[in-house]
2 protein chains.
Amino acid sequence: MERSLKEHFEQTLQEVSIDCAIFGFHAGELKILLLRWKGTDGWSLPGGRIYKEESTDDAANRILKERTGLTDIFLQQYYTFGNANRLTHLSKQDLMELLELALGKDYFHDKINRRVVSIGYFALVEFDQVQATADWYTDEFRWWEIPDVPKLLFDHNEMVVRALHALRQQIRNQPVGYNLLPEKFTMPELQRLYETILDKQFDRRNFQKLLVSYDILEKLDEKRTGGANKSPFLYRFNKSKYEKAMIDGVSFAM
Amino acid sequence: MERSLKEHFEQTLQEVSIDCAIFGFHAGELKILLLRWKGTDGWSLPGGRIYKEESTDDAANRILKERTGLTDIFLQQYYTFGNANRLTHLSKQDLMELLELALGKDYFHDKINRRVVSIGYFALVEFDQVQATADWYTDEFRWWEIPDVPKLLFDHNEMVVRALHALRQQIRNQPVGYNLLPEKFTMPELQRLYETILDKQFDRRNFQKLLVSYDILEKLDEKRTGGANKSPFLYRFNKSKYEKAMIDGVSFAM
DNA sequence: TTATCATTGCGTAAATCTTACACATAAAAA
DNA sequence: TTTTTATGTGTAAGATTTACGCAATGATAA
């Protein structure tokens, strides 16, 4: 009995990885950071493994730091992917060729035949702060606008869809923007962020009223000049009030 | 390079398990199914491992079937637990004694020193339909009312808290009741279910109006007699409308 | 220099949704 | 037969959300 238990456990050992959907906001568009696998045209989300002494949250933060240089940013687990066939949504042939190119012959046999569980995290980062770097597997990174995201490796398209869904869920119950916008921003910029994430237009007067009602914004005396119109005021988040609102929750019901 | 990659992967192999918070509703109370480990007084959530050919969802459904005899019930992943120390929230000493009792000497060394990632699922079941059975590790099962849940093994108290939170989130965006109530039920019974899950009282007239507005209920000609009062009408869910509402979502904002 | 254009700041009315509450009625118990 | 308890139904007040008007400002074009 004890022996069979032990064998049973060894049989059910898994590869567990973490994949991060890293969202940024730039030029009025929501973007996601993708990596291209070495010598191929296959793209995927940044990911990695969990070390022995790490929690999954620690591993996700480490991976994020390795890819973007950033620490202390918003990062949240949203779903764990464990379809038995999640590595083979491409044809096995195609996948083998890609992985062989990227990793050398030795590896792909294991990779394809072992099941992999992946914990999905999503992160919100300030676009301009990111110093992206590729990893072992990859030799290029690029920010993609959400509608332009190509067909990705493995089940990563599903990951993007679910991460986006989680982000949209998030925005309706907690404030969003602290990690996505620069320190100072205008109300139209904040609105554009919400509109982009939710893919929906809002009345600017009602939007302003609602966001001001959260009591997390400080209106500054400065204005943003340069546009061919009346200069909008700059705002910034009050960090402690913002954090309180993250805990207490808000209701964005537009 | 290829070799070190391979070694790296072997080093990061994980145990992945699934733990299920199984909620039932009986005698006006929300209850959760717990198992007692063999020869000990340590309780835990029902759980198990993932076989090679299974998806995590399949594994969760299988575990649920093994413990309750039920198939086709509401089951949803809510969080993946991966704190490095999640098996040692009891003192190592205490845990070793418990596991040795339950499993024999051979096992516990592995169990304690290897990190385990557990995918949390919660299920909603019709209490009276459940034929509960214990598993390898355990020799007793019992339904516990939520406030009475004792200190559990591992990090399972945190799991219960998070599962309950996920259930409460759920109920505010999708209808609940199909799997928790018998086929026919009265409006006060449905209200009691909502009140128990959310731990909050509602005005019965407003509750009825809101639930009726979802257009998922069929009012029957029958009444429930026996109470020392006016007999309430029986209702049942219209399955197709209920399923549509599960997809489209509802807003329970009381 | 001045008029025009695009967009912002600010405010109010209408519509909708949520909450509070009242009275008649039925089934069992006294 | 009367009392007790809880149900069935409806309406008004309050709060929130949505729709929309108009004056003001900064850049640009005339």
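To find a chain, count down the sequence lines: A is the first, B the second, and so on, and within it residues start at 1.
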The side-chain contact (heavy atoms from CB on, under 4.5 Å) partners of A/A59 (sequence neighbours excluded) come to A/I18, A/I50, A/E54, A/R62
note: B/R192, atom CZ; D/dT7, atom P; distance rounded to Å ~ 12 Å
A/R204 atom CZ is separated from D/dG21 atom P, nearest whole Å, by 12 Å
Here the ring-ring contact (aromatic ring centres under 6.0 Å, His included) pairs for residues 201-235 of chain B, sequence neighbours left out, are B/Y194-B/F207, B/F202-B/F252
So, do B/F81 and B/Y79 have ring centers that fall under 6.0 Å from each other? yes
Salt bridge (charged side-chain N to carboxylate O under 4.0 Å, His left out) filter on B/K65, not counting sequence neighbours, yields none
In numerical order, the residues of residues 193-201 of chain B whose heavy atoms come under 4.0 Å of DNA chain D are none
Under 4.0 Å between a side-chain nitrogen and a carboxylate oxygen: does that hold for A/K241 and A/E218? no
d(B/L234 CG, B/R236 CZ) to nearest 0.5 Å is 10.0 Å
So, with a heavy-atom separation below 4.0 Å from DNA chain D, the residues of residues 214-236 of chain A are A/K223, A/T225, A/G226, A/G227, A/A228, A/N229, A/K230, A/S231
Residues passing the side-chain contact (heavy atoms from CB on, under 4.5 Å) test with A/V212, sequence neighbours excluded, are A/M187, A/Q208
Taken in chain and number order and not counting sequence neighbours, the residues that satisfy salt bridge (charged side-chain N to carboxylate O under 4.0 Å, His left out) with A/E140 are A/R36
Mark yes or no for whether A/R168, through its side chain, and A/I197, through its backbone, hold a donor-acceptor pair below 3.5 Å.
yes
5'-most to 3'-most nt of DNA chain C touching chain A (<4.0 Å, heavy-atom partner on protein side) reads C/dA6 to C/dT12
* Asked: Would B/E195 and B/K200 pass as an ion pair if we require N to O under 4.0 Å?
  -> no
Protein-nucleotides 11-15 of chain D N/O pairs closer than 3.5 Å?
| residue | atom | partner | partner atom | Å |
| --- | --- | --- | --- | --- |
| D/dT11 | O4 | B/K209 | NZ | 2.9 |

Rounded to 10°, the angle between the first-five-pair and last-five-pair axes of the helix from C/dT1-D/dA30 to C/dA30-D/dT1 is 10°
B/Y242 meets the side-chain contact (heavy atoms from CB on, under 4.5 Å) criterion, sequence neighbours left out, with B/P175, B/Y178, B/I216, B/F237, B/M246
In whole angstroms, the gap separating C1' of D/dG8 from CZ of B/R205 amounts to 11 Å
Taken to the nearest 0.5 Å, the spacing of A/F122 CZ from A/L75 CG works out to 8.5 Å
A/D203 atom CG is separated from D/dG21 atom P, nearest whole Å, by 11 Å
So salt bridge (Lys or Arg N to Asp or Glu O under 4.0 Å) across residues 245-254 of chain A, not counting sequence neighbours, yields A/K244-A/D248
message = Quiz question: by atom type and distance under 3.5 Å, do the side chains of A/N61 and A/Y121 form a donor-acceptor pair?
response = no
side-chain hydrogen bond (donor to acceptor under 3.5 Å, both in side chains) test vs A/S118 passes for just one of A/D19, A/D155, A/T80, A/N83, namely A/D19
